[in-house]
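Structure record follows, encoded as structure tokens.
Below, chain A is the first sequence line, B the second, and so on; all start at residue 1. What you are looking at is a predicted structure, and each value in this text was computed from that prediction instead of being measured.
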Amino acid sequence: MKNEQIANLFEAIADLLEIKGEVVYKTLSYRRAAESIRALGRDLEDVRQDEGLRTIPGVGKALAAKIEELLDTGQLEFYNNLVEDVPEGLLQVLTLRGVGPKSAARYWKELGVTSLEELEKAAREGRVQTLSGMGARTESALLVSLEEYRRMQSGRLLLSAAEAAANEMLQVVRGIPGVEQAEIAGSLRRRRETIGDLDVVVAAIEPEGVLDAFVNSSLVLKVLAAGGSKASVILSNGVRAQLWAYPPESFGSVLQYATGSQAHNVRLRERAQRQALSLSERGFKTRDGALIPCSEEKQVYERLGLPWIPPELREDRGELDGDVPPLLEDGDLHADLHTHTSWSDGANSIEEMARAAKEAGLQVLAITDHSQSLVVAGGLMPDEWQRQHEEIERIQDKLGDSPRLLHGAEVEILADGRLDFPDDLLEEMDIVVASLHSGFRQEPAMVTSRLLNAIQNPYVDIIGHPTGRLLGRREGVALDMEKVLAAAEERRVALEINAHPERLDLNDAYARRAVEVGCLLAINSDSHHVSGFANLPFGISVARRGWVPRNAVVNAWSKKQLFAWLDRNR
DNA sequence: GCCGTTTTCGGCCCGACTGTTTTCAGTCG
């Protein structure tokens, strides 16, 4: 059983235990363990054999035993018994906005509801409002939530889409009279790979007036909740958003609070408690009730004796325990080592791509069009690659040394593990990116061995988008990532963090693990268009979330260091 | 169910908003 499945199961257990009425701290333990497992970046089986499951934060004796049972049998008796008590269908009921464990339990016990369909029926028949403490408004709100659930099935936004929507919202909010400061917060500020809803924080002398103007603006389709400090809405583009409006003296406190993550904030508040302080979005409160607001975010961390923590790290993954490495910054990448042109499935010529790369501040650009077998993407035959080579030399002459062009290919790793070009051609190339575009449904062990084959080839420099996932569309291959990392480390082959917002592959957890085992990484745009270089910051976000130091990223190196690495086997 | 420079037992974060209440529980982030 794989990490993701076990994490999901633990979350389902937490939900069911909450409906059952179990003490909330027990359910929190399951949730915390699930988060730790997601952040692991390696198989639980490996952790069990090496340092032991108990070394995972939030996994104690009981949860370790449950993980072992799942690893060994693929089953969990505890869970099987639990669903005898509490119907699994209630898990979906719990996802409705406005429905928590207490309400779900009452719908189930008092109305016999065990699924979304049954709940809808009960609400339509007016049975929900017969429950004590529930009225007609609760019932109609429930029907609205059910409607929302159907519409919003698609779920989370890609980072790029969320960023565009948030900037639009930010522009509107900054134009509201009385707004002194406005910033993006929430998971978008932490640069998670997908975003559920937007959070924007503003400083204003009169927060109520700002909130009022916002909810009445043309940007807002529907108001879900609105008070004197915050408003929760659906924007006209269908995206859910929250606006937090607080007085300027509390701006830092609320920005910190609204940025989260929740787990990170809990850690901070525990820390505040040890200093006899209580921490909230308004500031610190002393035991005698005096409020100490923070106008700047860094003051929140300062008072707790901490350095300011970059938002990308605020996930309760050890960021408060010690030194954080110096992270990659926008502008640290001097090279893009994986791009396409109209020679295969790109939209622009080599020259257009080169000029755009220079415009984007890059000193080195690798042209890596697809290889012959990827027919749908216009993969190049060997003789076409030779002709492209002449073309690249001509353009290099024309452009001078800026950017420096490298000529390579994104070579298919074929279904049997061979590469799609012969070695003597690969040897001629300045750079070789090897990638999978087919055979994703093979057994993970087979896909792993295909990658290992590619890594063993002396001319391969980078493994492109290693798992092949497409966010929201295709799961990545369940590779034996530890084997891949170990081989890549030994051969000094870099693994890609593909910066396309739909890929972001490797993800943050694998990137962090890669660095731990000494692997090199490359952050590439995989551009198919001159606009593609604008995606590089998304790759940098992944690296930052993965605690990746600058010196582990080959395209953040100097030209000299980069070329020496590329020449290592040539 | 986890965890320990207060503790191996007894803690475990905080406030805004809503709907239904006559003072608060539930949900959310």
Side-chain angles (χ1 to χ4, degrees), chain A residues 10 13-14 17-19 21-36 53-67 78 93-107 128-129 131-142 144-145 185-187 189-190 196-201 207-208 211 215 223-233 240-246 250 253-254 256-285 291 300 304-305 316:
Chain A
F10 278 6
I13 290 174
L17 288 176
E18 263 192 308
I19 294 173
E22 184 59 85
V23 286
V24 67
Y25 296 110
K26 186 181 283 194
T27 68
L28 284 173
S29 297
Y30 280 93
R31 292 189 205 287
R32 172 151 166 65
E35 274 309 303
S36 285
L53 295 169
R54 300 277 303 266
T55 61
I56 299 169
V59 174
K61 191 176 169 190
L63 289 182
K66 290 188 170 72
I67 294 172
F78 177 78
V93 172
L94 212 49
T95 64
L96 295 177
R97 188 174 55 82
V99 178
K102 296 288 183 355
S103 307
R106 294 194 58 198
Y107 298 147
V128 169
Q129 58 177 303
L131 301 182
S132 71
M134 299 205 189
R137 301 178 72 156
T138 305
E139 191 168 78
S140 61
L142 196 53
V144 170
S145 287
S187 55
R189 184 164 179 242
R190 301 199 313 277
D197 54 11
L198 307 178
D199 292 273
V200 170
V201 175
E208 299 88 350
L211 288 170
V215 298
V223 181
L224 302 173
S229 310
K230 58 191 185 189
S232 180
V233 304
R240 275 186 51 183
Q242 293 196 94
L243 187 67
W244 312 61
Y246 280 73
S250 286
S253 294
V254 67
Q256 192 289 315
Y257 179 87
T259 299
S261 67
Q262 191 147 349
H264 174 86
N265 285 355
V266 167
R267 291 287 174 228
L268 290 190
R269 283 179 229 136
E270 284 170 357
R271 225 178 149 99
Q273 291 258 307
R274 292 199 288 273
Q275 298 180 29
L277 293 167
S278 154
L279 174 61
S280 79
E281 59 264 53
R282 297 208 170 263
F284 291 97
K285 218 165 17 182
L291 185 71
V300 177
L304 295 171
D316 188 23

- Could you state the atom-to-atom distance from CG of A:Leu224 to P of B:dT27 in whole Å? 17 Å
- Item | A:Arg137 side-chain proximity, nearest of B:dT18, B:dC28, B:dT20 | B:dT20
- So what does A:Leu28 hit on the nucleic acid, given a heavy-atom distance under 4.0 Å: a base, only sugar-phosphate, or nothing? nothing
- Query: The side chain of A:Tyr25 lies closest to which of these nucleotides: B:dG19, B:dG1, B:dT6?
  - Reply: B:dG1
- Task: Respond yes when some side-chain nitrogen or oxygen of A:Tyr30 is under 4.0 Å from OP1 or OP2 of B:dG1, and no when none is.
- Result: yes
- For B:dC14, does either OP1 or OP2 sit under 4.0 Å from a side-chain N or O belonging to A:Gln273? yes
- Message: Under 4.0 Å, heavy atoms only, any strand: does A:Arg267 hit a base, just the sugar-phosphate, or nothing?
- Response: nothing
- Task: Might you point out which heavy atoms bring A:Val300 and A:Ser253 nearest each other, and give the distance in Å?
- Result: CG2-CA, 4.0 Å
- Interatomic distance, A:Leu291 CG vs B:dC14 P [rounded to whole Å]: 14 Å
- Message: Using a heavy-atom cut-off of 4.0 Å across all strands, would you classify A:Ala141 as base, sugar-phosphate, or nothing?
- Response: nothing
- Item | No-hydrogen, no-angle side-chain donor-acceptor test under 3.5 Å, A:Asn265 and A:Gln256 | yes
- Message: Using OP1 and OP2 only, check whether a side-chain N or O of A:Lys230 sits under 4.0 Å from B:dG15.
- Response: no
- Message: Return whichever of A:Thr27 or A:Gly133 has its heavy-atom-nearest nucleotide of DNA chain B closer to the 5' end.
- Response: A:Thr27
- In plain terms, say whether A:Arg189 and A:Asp199 are close enough for a salt bridge, that is, a side-chain N and a carboxylate O under 4.0 Å apart. no
- Query: How far does the C1' atom of B:dG10 sit from the matching atom of B:dG15, given to the nearest Å?
  - Reply: 25 Å
- Message: Once you apply a heavy-atom cut-off of 4.0 Å, does A:Val23 come out as touching a base, just sugar-phosphate, or nothing?
- Response: nothing
- Between A:Leu142 and A:Val99, what is the shortest heavy-atom contact and its length? CD1-CG2, 3.5 Å
- Looking at every strand, decide which applies to A:Gly228 at a 4.0 Å heavy-atom threshold: base, sugar-phosphate, or nothing. sugar-phosphate
- Grab the CD-P distance between A:Gln242 and B:dT27 for me, whole Å please. 17 Å
- Plane angle bin for A:Tyr30 and A:Phe78 - parallel if under 30°, tilted between 30 and 60°, otherwise perpendicular: parallel
- Please work out if A:Arg31 contacts a base, only the sugar-phosphate, or nothing of the nucleic acid, heavy-atom cut-off 4.0 Å. nothing
- Task: Could you state the atom-to-atom distance from CD of A:Gln129 to P of B:dG19 in whole Å?
- Result: 14 Å
- How close or far is atom C1' of B:dT6 from atom CZ of A:Arg271, stated in whole angstroms? 16 Å
- Could you check whether A:Leu211 gets within reach of a base, just the sugar-phosphate, or nothing at all, counting any heavy atom under 4.0 Å? nothing
- Message: Suppose you measure atom C1' in B:dC12 against the same atom in B:dC17; what distance do you get, rounded to whole Å?
- Response: 25 Å
- Would you mind reporting whether A:Ser261 and A:Glu35 have side-chain heavy atoms less than 4.5 Å apart? no
- Task: Would you confirm whether A:Arg106, through its side chain, and A:Ser132, through its main-chain N or O, come within 3.5 Å as a donor-acceptor pair?
- Result: yes
- Task: Write down the distance between CG (A:Leu53) and P (B:dG1), rounded to a whole number of angstrom.
- Result: 16 Å
- Verify the contact: side-chain N or O of A:Lys285 to OP1 or OP2 of B:dG15, cut-off strictly under 4.0 Å; return yes or no. yes
- Note on the structure: In whole angstroms, the gap separating P of B:dC28 from CH2 of A:Trp244 amounts to 14 Å
- Decide side chain to side chain contact (heavy atoms under 4.5 Å, CB included) for A:Glu139 and A:Gln129; before the verdict, give the C-alpha distance in whole Å, the side-chain angles of both, and the deciding distance to 0.1 Å. CA-CA 6 Å; A:Glu139 191 168 78; A:Gln129 58 177 303; 2.9 Å; yes
- Item | Pairwise C1' distance, B:dC24 and B:dT20 [rounded to whole Å] | 9 Å
Using nucleotides 2-4 of chain B, report all nitrogen or oxygen pairs with the protein that are shorter than 3.5 Å.
residue	atom	partner	partner atom	Å
B:dC2	OP1	A:Gly60	N	2.6
B:dC2	OP1	A:Gly60	O	3.3
B:dC2	OP1	A:Leu63	N	3.1
B:dC3	OP1	A:Gly58	N	2.9

- Query: Which part of the nucleic acid, if any, lies within contact of A:Glu270, taking any heavy atom under 4.0 Å across all strands shown: a base, the sugar-phosphate backbone alone, or nothing?
  - Reply: sugar-phosphate
- Separation between the C1' atoms of B:dT8 and B:dG4, rounded to whole Å: 8 Å
- Item | Touch class at under 4.0 angstrom, heavy-atom based, for A:Ala136 against every strand present | sugar-phosphate
Check: protein-nucleotides 22-26 of chain B nitrogen or oxygen pairs below 3.5 Å:
none

- Message: Is it the case that the side chains of A:Ser250 and A:Arg282 hold a donor-acceptor pair, with the cut-off being a distance below 3.5 Å and no angle test?
- Response: no
- Query: Using a cut-off of 4.0 Å on non-hydrogen atoms, how would the nucleic acid contact of A:Ser278 be classed: base, sugar-phosphate, or nothing?
  - Reply: sugar-phosphate
- If we call it a pair only when both distances are under 3.5 Å in a Watson-Crick or G-U wobble match, what pairs with B:dT8? none
- Item | A:Gln273 side chain near A:Leu279 side chain, heavy-atom distance below 4.5 Å | no
- In whole Å, what is the span from the CZ atom of A:Arg97 to the P atom of B:dT18? 11 Å
- Note on the structure: Residue pair A:Leu277/A:Gly135 against DNA chain B: nearer the 5' end by closest nucleotide is A:Leu277
- Calculate, to the nearest 0.5 Å, the distance between atoms CD and OG belonging to A:Glu22 and A:Ser29 respectively. 10.0 Å
- Partners meeting ring pair (Phe, Tyr, Trp, His ring centres under 6.0 Å) with A:Tyr246 (sequence neighbours left out): none
- Item | P spacing across the pair B:dT23 / B:dC28, given as an integer number of angstrom | 25 Å
- Message: Between A:Glu18 and A:Lys26, does any NZ, NE, NH1 or NH2 come within less than 4.0 Å of an OD or OE carboxylate oxygen?
- Response: no
- Task: With C1' as the reference atom in both, quote the distance from B:dT7 to B:dC2 in angstrom, rounded to an integer.
- Result: 13 Å
- Task: Have a look at A:Tyr246 and say if it touches a base, only the backbone sugar-phosphate, or nothing, with a 4.0 Å heavy-atom cut-off.
- Result: sugar-phosphate
- Item | Separation of the P atoms in B:dT21 and B:dA16, to the nearest angstrom | 24 Å
- Query: Does B:dG15 have OP1 or OP2 sitting under 4.0 Å from an N or O in the side chain of A:Ser229?
  - Reply: no
